[in-house]
Number of protein chains: 2
Amino acid sequence: MTQDRRFPVRLDLKQGTVDMSHGSGGRAMAQLIAELFHRHLDNALLAQGNDQALFSPPPGRMVMSTDGHVISPLFFPGGDIGSLAVHGTLNDVAMAGARPLYLAAAFILEEGFPLADLARIVASMASAANQACVPVVTGDTKVVERGKGDGVFITTTGVGVVPEGIHISGDLARPGDAILVSGHIGDHGVAILSKRENLGFETEIRSDSAALHGLVADMVTAVPEIHCLRDPTRGGLATTLNEIAHQSGVGMQIREEAIPVRPEVTAACELLGLDPLYVANEGKLIAICPGERAEDLLTAMRMHPRGEDAAIIGAVVEDELRFVQMETRFGGSRIVDWLAGEQLPRIC
Amino acid sequence: MTQDRRFPVRLDLKQGTVDMSHGSGGRAMAQLIAELFHRHLDNALLAQGNDQALFSPPPGRMVMSTDGHVISPLFFPGGDIGSLAVHGTLNDVAMAGARPLYLAAAFILEEGFPLADLARIVASMASAANQACVPVVTGDTKVVERGKGDGVFITTTGVGVVPEGIHISGDLARPGDAILVSGHIGDHGVAILSKRENLGFETEIRSDSAALHGLVADMVTAVPEIHCLRDPTRGGLATTLNEIAHQSGVGMQIREEAIPVRPEVTAACELLGLDPLYVANEGKLIAICPGERAEDLLTAMRMHPRGEDAAIIGAVVEDELRFVQMETRFGGSRIVDWLAGEQLPRIC
């Protein structure tokens with residue numbers, strides 16, 4: 001690559017930091033985009049170089065989803081804000097049963113943030129997008145003064161297409177439906193917290209941050225009658241089930257024994273005074289389908305690497321009060337309510 | 001409206017402030033979404049209540065664009081961060097010649113931000129979206145600790161459809177093309193700065209923040225052969241022309257005399273040591289079309305309220321060095337370069 005005549009001196013990606021001129025719209029911003037963002041996120045649509053990306057989607061219904069990412073710390077076991085910003089939005093698109101097509105990414109950078117860290121984050125984003133085969137096709141960069149941000153915030157937006165015949169929404173759960181979860185819960189939240197608090201667990205728990213659209217594609221092929229899909233991120237499994245119960249006007253009965261939780265996560269939660277049911281996940285989903293298709297769905301999920309620990313954890317019931325109730329390990333029953341207050345700030 | 005049983009006490013929209021629980025994913029966030037965001041931005045797609053919005057776009061090519069908004073101050077003459085976040089992204093979509101369809105909005109709130117201010121911003125956003133007939137169909141809310149943000153940042157993403165036969169891109173400018181601007185330049189930047197610095201100009205200059213897709217629709221109908229459209233935001237007219245010159249591999253010749261600048265803006269810029277050519281606009285566009293269609297395009301622009309002060313300001317020329325040159329008011333010639341450094345931080 002020959003040096004662009006607009007930029008006589010290359011960006012210093014080793015020692016350099018973000019300064020206000022990187023958000024100016026002028027020459028410094030053009031250089032940051034060329035030498036950092038485009039270098040990593042390289043694809044034909046982004047290379048159009050316009051303020052918008054142009055594409056021809058396949059015919060059919062589409063979905064759009066957006067998510068701001070403000071996670072702290074920026075780098076954590078199992079990922080970083082870059083990979084998380086890709087996975088988080090891909091998953092929100094996929095939870096409509098959709099195939100994600102394209103991503104947009106908007107960065108809000110704090111003056112003084114090391115360019116080396118930014119390059120590492122963007123490289124990780126590019127790697128996550130490549131693995132998912134969903135390119136980042138357009139973006140934006142703003143810079144705020146030192147003390148008016150926190151390193152980097154990334155908002156990603158995704159669009160996707162919904163296959164014909166698939167109708168998935170949080171208001172479609174019906175009494176008699178089965179509730180499934182795709183694997184162990186609580187890994188992400190505990191991984192972030194262990195890093196944040198430097199608790200030094202013996203076994204390092206890694207975030208489960210991962211793209212789930214491959215798993216979803218297999219699931220809707222096997223069982224097109226799926227009623228609801230949702231990824232239990234902030235607020236965890238408990239809050240997500242309450243959201244769906246509220247939207248659908250139903251109750252839920254789940255069994256504690258059936259919910260997969262890693263022993264290390266259980267141990268960490270006990271130590272930290274957390275309930276794994278409320279801890280965030282970034283690579284898990286909840287599925288609700290007609291009871292008679294639950295075994296088929298479970299089989300399809302377990303055949304995919306992201307669903308090999310999937311389990312049927314309960315059933316949808318009639319309840320005009322829309323309660324989520326859990327049969328505990330000891331044979332009792334308790335109401336699993338919405339998350340009140342804030343358990344783990346800036347978990348995603 | 002009966003009170004939702006999940007929220008026994010209503011949000012205090014007069015005295016209340018954002019706290020960390022509003023970003024938790026739990027009950028407090030659900031209440032903020034229900035009683036503030038949905039109340040103002042009410043529409044059928046948002047009411048789906050899922051983590052993504054589902055829609056059926058008309059067939060054809062689509063565009064997607066995203067923009068983070070970090071403007072300071074949040075409220076300014078002629079608008080606020082809410083209306084700006086709608087206009088900014090609508091315009092980026094429209095600059096492909098597209099008809100905007102839907103918007104997504106992601107909020108990053110700082111702990112302690114007054115809910116009354118947030119409600120005012122969201123109401124303004126809703127009003128701008130309604131006027132433009134482009135609904136905000138999905139969103140996200142995050143909260144960061146006091147001192148880790150700056151009140152509110154809003155990232156909006158838009159999608160739109162491009163009419164058949166329209167091919168507009170920054171790399172399509174050709175020697176012989178005419179360069180038009182849709183009206184007076186520099187209003188937005190000067191309005192923000194006057195507010196920021198409390199300079200107290202005699203005539204209050206208002207931001208030109210406005211949605212331009214109606215103007216664009218008329219323009220592409222009148223002259224489908226338009227080659228480039230771009231809104232000269234950060235970096236101003238000068239930087240935007242340089243961007244297009246660079247993308248298209250051409251030079252440009254513009255005439256200072258032909259560029260519409262309000263006398264108050266000229267005066268303010270002289271006072272502040274600014275060059276209006278580099279000052280941000282939020283309701284103006286640059287159009288480049290074959291020279292022989294320039295008069296037709298100008299006529300079409302002037303018939304629209306957002307283009308009544310439109311002017312032909314120059315022409316595209318061959319120049320392998322891709323310089324933008326300006327014939328000055330005094331008959332001289334100077335190179336109009338990219339913005340170097342940062343003139344007006346956080347202007348959008």
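Both backbone and side-chain heavy atoms feed into the values below; hydrogens, waters and symmetry mates do not.
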Among A/R346, A/R61, A/H69, single out the residue with the greatest number of heavy-atom pairs under 4.5 Å to chain B.
A/R346

Interchain contact, B/T141 with chain A, by part (heavy-atom threshold 4.5 Å)
backbone

To the nearest 0.5 Å, atom CG of B/D140 lies from atom OG1 of A/T89 at 8.0 Å

By a 4.5 Å heavy-atom criterion (distance strictly below it), what part of A/L54 contacts chain B: side chain, backbone, both, or neither?
both

Only pairs of heavy atoms separated by less than 4.5 Å count here; which of B/A98, B/S72, B/S169, B/P59 has the most with chain A?
B/S169

Heavy-atom cut-off 4.5 Å, strictly under: side chain, backbone, both or neither for A/V161 against chain B?
neither

Best-contacting candidate, A/G149, A/A340, A/A106, A/G158, against chain B by heavy atom pairs under 4.5 angstrom
A/G149

Might you point out which heavy atoms bring A/R234 and B/S24 nearest each other, and give the distance in Å?
CB-O, 3.4 Å

Residue pair B/T66 / A/T155, side-chain heavy-atom distance below 4.5 Å:
no

So, the side chain of A/N50 versus the backbone of B/G170: is there a donor-acceptor pair under 3.5 Å, distance only?
yes

Which atoms of B/D19 are under 4.5 Å from chain A, going by heavy atoms: the side chain, the backbone, both sets, or neither?
neither

Using a cut-off of under 4.5 Å for heavy-atom pairs, which of A/N242, A/V143, A/L45, A/D337 has the most such pairs with chain B?
A/D337

Using the test ring-ring contact (aromatic ring centres under 6.0 Å, His included), find all partners of A/H188 that sit at least two apart in sequence or belong to another chain.
A/F76

Below 4.5 Å, heavy-atom pairs only: which of A/G235, A/P345, A/A96, A/G160 has the largest tally toward chain B?
A/A96

Need one label for A/Y102: side chain, backbone, both or neither, based on atoms under 4.5 Å from any heavy atom in chain B.
both

A/A30, part contacting chain B, at a heavy-atom distance under 4.5 Å
side chain

A/Q48 portion near chain B, given a 4.5 angstrom heavy-atom threshold
backbone

Between B/K142 and A/C348, which heavy-atom pair has the shortest distance, and what is it?
CE-SG, 3.6 Å

Side chain B/Q52, main chain A/V93, donor-acceptor under 3.5 Å
no

Do B/V159 and A/V159 touch side chain to side chain, with heavy atoms closer than 4.5 Å?
yes

If I measure from the heavy atoms of chain A, does B/A280 come under 4.5 Å with its side chain, its backbone, both, or neither?
neither

Can you tell me which portion of B/H246 sits under 4.5 Å from chain A's heavy atoms? Options are side chain, backbone, both or neither.
side chain

Max heavy-atom pair count under 4.5 Å with chain A, selected residue of B/S56, B/S21, B/G236, B/G68:
B/G68

Closest heavy-atom pair, A/E342 versus B/M20, reported as atoms and distance to 0.1 Å, is OE2-O, 3.6 Å

Shortest non-hydrogen contact from B/M64 toward A/V137
CE-CG2, 4.0 Å

Can you see which heavy atom on B/M62 is nearest to which on A/P57, and at what distance?
SD-CG, 3.5 Å

Proximity breakdown for A/E243 and chain B, heavy-atom pairs closer than 4.5 Å:
side chain

Other residues, nucleotides, ligands: >12 heavy atoms within 6.0 Å of B/R27 CZ:
yes

Steps toward side-chain contact (heavy atoms from CB on, under 4.5 Å) verdict (A/R6, B/R322):
CA-CA 10 Å; A/R6 293 174 297 168; B/R322 310 176 189 189; over 6 Å; no

Check whether A/V162 gets within reach of chain B through its side chain, its backbone, both or neither, counting any heavy atom under 4.5 Å.
side chain

Could you report the tightest heavy-atom contact between B/K148 and A/F153, atom names first, then the distance?
O-CZ, 3.2 Å

Non-hydrogen side-chain atoms of B/M95 and A/D51 separated by less than 4.5 Å:
no

Relative to chain B, which segment of A/L103 carries a heavy atom at a distance below 4.5 Å: side chain, backbone, both, or neither?
backbone

Report which part of A/N91 has an atom under 4.5 Å of a heavy atom belonging to chain B: side chain, backbone, both, or neither.
neither

Set of residues satisfying side chain to side chain contact (heavy atoms under 4.5 Å, CB included) with respect to A/A94, sequence neighbours excluded
A/H213, A/V216

Portion of A/T239 that has a non-hydrogen atom of chain B nearer than 4.5 angstrom
side chain

